[in-house]
Student: 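Please see the structure below; I have some questions.
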2 protein chains.
Amino acid sequence: MSANSRLTIAAHALAWIGLYQRQGHEVATSEQIATSANTNPVVIRRLLGELRRAGLVESRRGAGAGWSLARELESMTLLDVYEAVEPGPLFAMHRTTPDQECVVGHGIQPAMQGIYEGIEETLRQELARVTLENVLRDVLAAPR
Amino acid sequence: MSANSRLTIAAHALAWIGLYQRQGHEVATSEQIATSANTNPVVIRRLLGELRRAGLVESRRGAGAGWSLARELESMTLLDVYEAVEPGPLFAMHRTTPDQECVVGHGIQPAMQGIYEGIEETLRQELARVTLENVLRDVLAAPR
DNA sequence: TCTGTCGTAACAATTAACGTTGCGACTGCC
DNA sequence: GGCAGTCGCAACGTTAATTGTTACGACAGA
């Protein structure tokens, strides 16, 4: 698990844009964010593109182009970000269909499916309790 | 996320061994389990090896060799299995250190660390609520 | 028209999980 | 004592997802 920093980078980008806008700037560029996150601008553009599809950010093209928040940080939760950037379920089933002739092979997938759905629902509730405003506050509270 | 069926396969194997033992057999072989899970015996042996290190199963070598439960299914939870087979944390940080000169780059990792720890603790509690006995019961309850 | 940035495709690099083969080690049974 | 069945484990190939990189057209303000 977790070769996966998409949620972290997305939160980083949103916090960066939010802070930058509070400092009076209109838009933030993918290059600025990429420098802060120490990665490539295209990686940031890809992630922000998914956040735009989810209605969390907007982008402007042409000269003076860049990214801005579509909503206040208070109204965005980690769940919004998670659902925007994480494609699949948390736990995966077998990659190949188990032996349906076997009692266990036959019943294991529906069984685990039901269990996993409950767990993921709880995870979602936890993610929904954290707003990006919370994240930014924690970021600024870090000792230097 | 979730290129990861380790927890599912491990639960499958434990349920299989548990049911097999209830049918009066002493030990189960990795080949039997692999047939049920539709995978390779070595994959099963690797997983069960981790479960053995966690004290959930035992293995016997030589003739009449195989695997058996070290504890009752009622006393095993998905958390025990999860901790035995999942190495890292659920969410990862940046793969490269963010720009420490930037306020956000400097504070983002401690901020996310704290948030993630709380969420993973909740996940652990959820996993701890499901025993392997629950899993086996759900497996046997599946319609055929 | 020029310039800076997004949008997106294409491909390489990296990483983790999964699959497969091979072979030595072990132990009950003949 | 030898045989047969299975584990233990190393080695390597395969697959898939993410991340990193390069390239280039599209867009819009100056």
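Each chain gets a letter, A, B and so on, in the order the sequences are listed, and its residues count up from 1. We use all heavy atoms of the structure for the numbers below, so side chains are in, but hydrogens, waters and symmetry mates are not.
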Student: Just jot down the salt bridge (Lys or Arg N to Asp or Glu O under 4.0 Å) partners of B:Arg52, sequence neighbours excluded, or say none.
Tutor: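 Scan of B:Arg52 (salt bridge (Lys or Arg N to Asp or Glu O under 4.0 Å), adjacent residues dropped) gives none.
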
Student: Are any of B:Ser5's side-chain N or O atoms less than 4.0 Å away from OP1 or OP2 of C:dA17?
Tutor: no

Student: Ignoring backbone atoms, establish whether A:Arg46 has a side-chain N or O less than 4.0 Å from OP1 or OP2 of C:dA9.
Tutor: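 So the side-chain polar atoms of A:Arg46 never come under 4.0 Å of the phosphate oxygens OP1 or OP2 of C:dA9.
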
Student: Just to verify, what does A:Trp67 make a ring-ring contact (aromatic ring centres under 6.0 Å, His included) with, not counting sequence neighbours?
Tutor: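 With neighbours one apart ignored, the set is empty.
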
Student: Measure from the side-chain heavy atoms of B:Arg52 and tell me the nearest of D:dC7, D:dT21, C:dC18.
Tutor: D:dC7

Student: Distance check needed: C:dC18 P versus B:Ile9 CD1, whole Å only.
Tutor: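 These atoms are roughly 7 Å apart.
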
Student: Let me have a per-nucleotide readout for nucleotides 22-30 of chain C, 5' to 3', with B, S or -, counting only protein heavy atoms under 4.0 Å.
Tutor: --BBBBB--

Student: For A:Thr29 and C:dC6, is the shortest distance between a side-chain N/O and OP1 or OP2 below 4.0 Å?
Tutor: no

Student: Has A:Ser30 got a side-chain N or O lying under 4.0 Å from the OP1 or OP2 atom of C:dC6?
Tutor: yes

Student: Nearest 0.5 Å, what's the CZ-CG distance between A:Arg71 and A:Leu132?
Tutor: 9.5 Å

Student: Under 3.5 Å, is there a donor on one side chain and an acceptor on the other for B:Glu86 and B:Asn4?
Tutor: yes

Student: So, A:Thr8 and B:His94: side-chain donor and acceptor under 3.5 Å apart, yes or no?
Tutor: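 Per modelled atom types, A:Thr8 and B:His94 side chains form no pair under 3.5 Å.
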
Student: Please give, in whole Å, the distance from D:dC7 C1' to B:Ile33 CD1?
Tutor: 12 Å

Student: Round to a whole Å and report the spacing from CD1 of B:Ile44 to P of C:dC18.
Tutor: 10 Å

